[in-house]
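To start, the structure itself, in structure tokens.
Everything numeric here is computed off the predicted structure, so don't read it as measured data. Just so we're on the same page: letters track the sequence lines, and every chain starts at 1.
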There are 2 protein chains.
Amino acid sequence: MATTAREDPPPASDRSGTRERILDVALDLFTEQGYDKTSLREIAQQLGISKAALYYHFAGKEDILMALHVRLHNLGRGAFDSLAESPRDPSAWSAFLEDMVGHMLADRKLFALHERNRAALEAIHRKDHDAEHTDFEERFRALLRDPEVPLDARVRISSCLGAILGGMVLGGDNFSDVESDALRRAMLEVVHDILAPLMAASASPALGAG
Amino acid sequence: MATTAREDPPPASDRSGTRERILDVALDLFTEQGYDKTSLREIAQQLGISKAALYYHFAGKEDILMALHVRLHNLGRGAFDSLAESPRDPSAWSAFLEDMVGHMLADRKLFALHERNRAALEAIHRKDHDAEHTDFEERFRALLRDPEVPLDARVRISSCLGAILGGMVLGGDNFSDVESDALRRAMLEVVHDILAPLMAASASPALGAG
DNA sequence: GTCTATATAGGGATAGAC
DNA sequence: GTCTATCCCTATATAGAC
């Protein structure tokens, strides 16, 4: 029952894995207490290292949050690339969203972090100008706001995302008692039901025709 | 195009309406910048009053957030009371959730505040022991976790809430360009589609039977 | 009901030794 | 790669005048 799947191998400057351990602790604390109410002192303390040591691994507090955000990016990147090839094809969206369900259930804590700290995450997005990262975000949001896509489709896709991201997290972990596989099946059914009208409509006319 | 519907009349100690003006400004800033990144100085400045003046109207920063949270409570109280009478009746949930759609669209900023500052809100919930307020929260969460309700129903209801609360807010206001009435219709359709299987099932067996 | 001034704490961040 | 010690700043909150 590992907390998270790892994404990039330690970047040659960190053989001891301290960087990842920092991120794991930060994920716990940021998720439980909130990003702003968690101090670097607290993170360091829980790791048994000093505050200053954190600054060797990260440029600052925001950098830690950013690194966790990148974890989420990496989870979704594969599915997103497929989606980006045909962003107006409802079945592409369906595949993407079903993928998200899987990731969400496998990495609930990481998703909960994002759900509970949107304000903080948006703040670092405003500052961050890393080309790749910004580009990814912009492209995704462009898909959600595409004026060529009819309102109904936009609402259904957004609702789907809201259901996946938010539904599980409302007021703490409401489904911590539930077996993961049963939960997955139930979620997929809901996703399917939300998108069904889109799939039906797309039999002949494209998503863009509305 | 007023920002918010008012709920309780000025409580006799505030004829000038400053308290409400403070809340309006705080709502703006908390929503845009995040609760933690907004200082009392900032709020006071924007109102043209001093920081200390805020303390006349509110016990502290958390108290301001709490007051905004109460605004949300008051919006939903009526619908919740109806729901509480028959919490296992799918059509009661349907009515409740449709009501929420209306409130959400009429008071988007207030909902966005909650969506973007969950960590901060949960923190004050842990401290607050006001009888009425705590009771309300607990009862609502009890409904969402009721073990007598089959998993499918719980997931659908949670997804519905997630769709309503989260879907509109993902990455800023994605639907700011859309006419409110068309948006309402589209949202209601989605809500209906998510809950449809529950309504069908409840024709004969109760929601509790699974 | 609003002000000025101040107390106090805690946070992020840096310097430099080991 | 990790430590100790320290700087500096901003924030909440209070005291007491008007």
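A residue-by-residue look at A/Ala52 and A/Tyr55 shows that A/Tyr55 has its nearest nucleotide of DNA chain C further toward the 5' end.
Residue B/Leu54 contributes atom CG, which lies 11 Å from atom C1' of C/dT2 at whole-angstrom precision. Counting to the nearest Å, the P atom of C/dG11 and the CD1 atom of A/Ile43 are 11 Å from each other. Atom NE2 of A/His57 and atom P of D/dC3 are 9 Å apart (whole Å). When rounded to the nearest whole Å, the span between CZ of A/Phe58 and P of C/dT14 equals 16 Å. Here the P atom of nucleotide C/dG11 and the CD atom of A/Glu62 are 16 Å apart, to the nearest Å.
A salt bridge links B/Asp181 to B/Arg184: one of the charged nitrogens lies within less than 4.0 Å of a carboxylate oxygen.
For B/Asp128, the salt bridge (Lys or Arg N to Asp or Glu O under 4.0 Å) test picks out no residue, with sequence neighbours left out. Among residues two or more places apart in sequence or in another chain, the salt bridge (Lys or Arg N to Asp or Glu O under 4.0 Å) test is passed with B/Asp99 by none. Not a single salt bridge (Lys or Arg N to Asp or Glu O under 4.0 Å) links B/Glu42 to another residue, sequence neighbours left out.
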Protein N or O to nucleotides 6-11 of chain D N or O, pairs below 3.5 Å:
none

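Identified under the side chain to side chain donor-acceptor pair (under 3.5 Å) test for residues 78-87 of chain A, with sequence neighbours left out: none. For residues 145-165 of chain B, there are no ring pair (Phe, Tyr, Trp, His ring centres under 6.0 Å) pairs, not counting sequence neighbours.
Listed pair B/Thr18 / C/dT2 meets the phosphate criterion, a side-chain N or O lying under 4.0 Å from OP1 or OP2. Considering only side-chain N and O atoms, A/Tyr56 lies under 4.0 angstrom from the phosphate OP1 or OP2 of D/dG1.
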